[in-house]
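Below is one structure, written out as structure tokens; comments come after it.
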Amino acid sequence: MTERQTDIYRELFSTFFKIGLFTLGGGYAMIPIIEREVVDKHQWMKREEMLDLIAVAQSCPGVFAINISIFVGYKLRMKRGALCTAVGTALPSFLIILLIAMFFRQFQDNTTVASIFKGIRPAVVALIAVPTFRLAKSARIGWTTCWIPIVSALAIWALGVSPILVIIVAALGGLAYGQLSKYLSSDNK
């Protein structure tokens with residue numbers, strides 16, 4: 001392996017290790033960080049590709065952030081790249097959880113620690129909201145289509161509808177809309 005090849009693997013690992021350090025709030029909270037690193041800073045993919053990648057990673061079983069990292073690594077350097085990014089993303093969480101497990105009894109009832117986590121929670125909501133609005137913009141969701149994510153979210157949250165069912169219904173709706181659009185445009189010719 002050449003030095004240049006080693007550098008890209010080191011860069012992939014270190015980038016996703018850094019991303020993995022900020023897992024507060026889970027994978028969705030990491031989207032802006034991943035997007036900034038992968039799309040803006042390193043330009044490993046375009047914003048539209050990132051949107052598609054998020055949709056695919058979300059629909060796959062497993063940890064969302066690791067799914068994204070695997071897809072990015074695989075796109076850039078196949079299996080070795082996927083391994084570098086997956087390990088880079090998972091290792092910080094593993095080490096942090098290991099440290100917490102080792103010292104949990106010492107601070108489980110600590111009011112300062114509890115207060116810190118209460119303060120972090122609203123920030124995590126904002127970290128999740130920002131990529132949601134960016135995704136909506138990238139997906140070209142406008143005033144005529146904004147009802148779809150709203151109804152979908154309410155169905156999942158308030159009615160307990162399975163997210164898988166929502167994805168299937170949305171896919172079938174998109175397919176039907178595409179077919180109807182084709183049919184109507186061929187009628188006008």
Side-chain angles (χ1 to χ4, degrees), residues 1-108 110 112-139 163-164 167:
M1 204 177 327
T2 67
E3 188 175 325
R4 172 110 171 100
Q5 287 174 323
T6 306
D7 286 346
I8 187 67
Y9 292 117
R10 191 177 301 127
E11 190 172 14
L12 285 169
F13 177 84
S14 65
T15 297
F16 279 90
F17 186 87
K18 183 171 61 172
I19 290 168
L21 283 173
F22 299 98
T23 58
L24 297 172
Y28 294 103
M30 295 171 71
I31 291 174
I33 299 168
I34 294 170
E35 188 176 26
R36 186 174 51 244
E37 290 290 325
V38 171
V39 176
D40 299 333
K41 183 178 176 185
H42 295 289
Q43 297 178 344
W44 288 331
M45 39 176 63
K46 295 178 179 147
R47 201 164 303 282
E48 293 78 28
E49 288 178 294
M50 187 70 186
L51 177 65
D52 293 340
L53 178 70
I54 289 169
V56 170
Q58 185 177 19
S59 64
C60 291
V63 179
F64 180 68
I66 293 177
N67 288 348
I68 289 177
S69 70
I70 289 170
F71 288 130
V72 171
Y74 190 82
K75 179 183 185 276
L76 297 173
R77 289 293 184 263
M78 306 302 282
K79 290 178 185 175
R80 286 184 180 177
L83 183 63
C84 283
T85 55
V87 172
T89 304
L91 190 57
S93 297
F94 174 77
L95 295 174
I96 291 167
I97 289 170
L98 183 63
L99 284 171
I100 289 171
M102 289 170 56
F103 300 105
F104 182 71
R105 291 191 187 271
Q106 294 173 2
F107 66 85
Q108 72 184 27
N110 187 315
T112 303
V113 172
S115 296
I116 289 170
F117 280 110
K118 282 182 184 176
I120 289 173
R121 286 182 193 136
V124 168
V125 171
L127 287 173
I128 294 169
V130 169
T132 300
F133 293 120
R134 282 190 184 149
L135 287 172
K137 186 177 178 182
S138 296
I164 295 168
I167 291 170

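One finds the CG atom of Leu91 at 9.5 Å from the CD1 atom of Ile96 (value rounded to the nearest 0.5 Å). The NE2 atom of His42 sits 8.0 Å away from the CD1 atom of Ile8 when rounded to the nearest 0.5 Å. In this structure, Thr89 OG1 and Ile34 CD1 are separated by 6.5 Å, a value rounded to the nearest 0.5 Å. With rounding to the nearest 0.5 Å, the separation of NZ in Lys41 from CD1 in Ile33 is 12.5 Å. To the nearest 0.5 Å, atom CD1 of residue Ile31 and atom CG of residue Leu51 are 10.0 Å apart. Ile68 contributes atom CD1, which lies 10.5 Å from atom SG of Cys60 (distance to the nearest 0.5 angstrom).
A salt bridge (charged side-chain N to carboxylate O under 4.0 Å, His left out) check over residues 48-57, counting only residues at least two apart or in different chains, returns the pairs Glu49-Lys75. Pairs engaging residues 74-98 under the ring pair (Phe, Tyr, Trp, His ring centres under 6.0 Å) rule: none recorded [sequence neighbours left out].
Take Thr85 and apply the side-chain hydrogen bond (donor to acceptor under 3.5 Å, both in side chains) test, not counting sequence neighbours, and it matches no residue. Looking at residues two or more places apart in sequence or on another chain, you find a side-chain contact (heavy atoms from CB on, under 4.5 Å) between Leu76 and Leu12, Trp44, Val72. Every residue two or more places apart in sequence or in another chain that forms a side-chain hydrogen bond (donor to acceptor under 3.5 Å, both in side chains) with Lys18 is listed here: Glu37. With sequence neighbours excluded, the residues that form a side-chain hydrogen bond (donor to acceptor under 3.5 Å, both in side chains) with Arg47 are Glu35, Asp40.
Taking all atoms of both residues into account, the shortest heavy-atom contact from Asp7 to Arg10 is OD1-NH1, 3.0 Å. Summarising the geometry of Phe17 relative to Pro92, their closest heavy-atom pair is O-CG, 3.3 Å, with the distance given to 0.1 Å. Smallest separation of non-hydrogen atoms from Ser93 and Gly20: OG-O, 4.0 Å. Residues Ala86 and Ser69 share a closest heavy-atom pair of CA-OG, 3.6 Å.
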| request: Start with the C-alpha gap between Val38 and Phe16, add the side-chain angles, then the distance that decides, and say whether side chain to side chain contact (heavy atoms under 4.5 Å, CB included) holds. | output: CA-CA 9 Å; Val38 171; Phe16 279 90; 3.8 Å; yes
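Around the CG atom of Leu98, the shell of radius 6.0 Å holds more than 12 heavy atoms that belong to other residues, nucleotides or ligands.
You'll find the side chain of Asn67 stays beyond 4.5 Å of the side chain of Gln58, heavy atoms only.
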